[in-house]
Amino acid sequence: MKLTAVAALAIILPMPVAAQDIAAEVGKQMPSLMKIYDDFHANPELSFMEVRSAGILAAEARGLGFSVAEKVGGTGIVAVMENGPGPVVLVRADMDALPVTEQTGLPGASKVRVTTKEGVETGVMHACGHDTHMTAWVGVARLMAAHKDRWSGTLVMIGQPAEERGAGARMMLEDGLYTRFPKPDYALAFHDAAQFPAGMIGYTPGYALANVDSVDILVKGVGGHGAYPQTTKDPIVLASRIVTALQTLVAREVSPLDSAVVTVGSFHAGAKHNIIPDEARLQLTVRSYTDEVRTHLLDGIARIAKGEAIAAGLPDDKMPEVTVDRNEFTPSTYNTPELTRDMAEFLTGRFGAARVHQLPPVMGGEDFGRFSRDDKDIQSLIFWVGGVPQAEFDAAKKEGRTLPSLHSPFWAPDAHAVVSTATEALTAMAMKLMPKG
Ligand SMILES: [Zn+2]
Ligand SMILES: [Zn+2]
């Protein structure tokens, strides 16, 4: 309904009001925003520890006249600006960095080191680019606050913790994001992208990112001397069979027209050449789009692990233990198709067809999907903003070189291009969704 009204308005006013103004004002903000970016980049914080970052966002929003709540779902912040009748638009930035030691060699590189809760000493880096997300968030907040005369509605801007642990969105929702604060009609976000040139915008209608489950399998055996295997139940051989049999889930049980991944990323067992150990441990990442495929994969993993253990002659009390970490589950992200197409058309009009592209979905995960997952009345869209410096992109293509991905210690986005593009796109979209009058 609202989209129809917006579309009708667009016919009367074919060019968004002061479209050029927004771009020019973003340009004026960029020197200040880049200082903020440099600060975020040099001071990354791990998931659940985003206290400093959240404080910067909260102070900025408060100074602009938002009413701000802190510690929502851990370190999360919610900044609300009510500006007359109209829809509620949520704009989200995630705040956490990763346990990665930066190796870009750039002058502004992170030198932060911490000891994690697990006791591992590590560097910390914004290797997923959430520093660009927070910086653009500040840009959007500034532009929306400076131009309240151009929109009518309620803007809810959130700084979300712990995206990398798949927990932050859930924690904010459980802490009353939609009951203590206005519930959105629209939810918007972007993510920087490490495979596209800087300033390119990518969108995917429908499923865009995958369900992500982390599964642990403890394979039990009966240990003994490596020279007398007949006296043992070898958990390494059993775990190997399980790994191989798991491949048939995707190859033979899921429809070729559905998407699924079962990857065993970790296999640990044993301590010495001539000892058959008591156990082996496997760690899996399991990905899908639909709930049906997800359930089939998780059930199938438990079935195969048990079935192989029975085949190996393990007694009932030594069946494998399969654990799905529900706290780290990231649900798939679904971009509302109508909103996505509408906004893609709008962005194409603003940035030109050369910069706006439809992209295929990926099996990566993002907990942004949670903000609309359980409520079909909320339309949502997360889009990509390319961050690879153009010269680097061209050189890599020419030389057939692979570019560093997100989470790489070498990921060095053209932050200026990402922040300016995202700030302009999100501001223009929020104003479009909350038209004046
Ligand atoms: Zn990430
Ligand atoms: Zn990310």
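First listed ligand is number 1; within each ligand, the first listed atom is number 1.
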Might you work through the ring pair (Phe, Tyr, Trp, His ring centres under 6.0 Å) test for H133 and F190, ending with a clear yes or no? CA-CA 7 Å; H133 305 178; F190 84 99; 4.8 Å; yes

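For the atom pair CE of M343 and CG of L426, the computed distance is 11.0 Å after rounding to the nearest 0.5 Å. Note that CG of D94 and CE of M134 are 8.0 Å apart. Values are rounded to the nearest 0.5 Å.
With D367 contributing its side chain and A169 its backbone, the two residues share a donor-acceptor pair below 3.5 Å.
A perpendicular orientation is assigned to the rings of H191 and H130, their planes being inclined by more than 60° (bins at 30° and 60°).
Across E25, H147, E60, a single residue satisfies side-chain hydrogen bond (donor to acceptor under 3.5 Å, both in side chains) together with R142, and that is E60.
Counting only protein N, O or S atoms closer than 2.8 Å to the Zn ion (ligand 2) gives 3.
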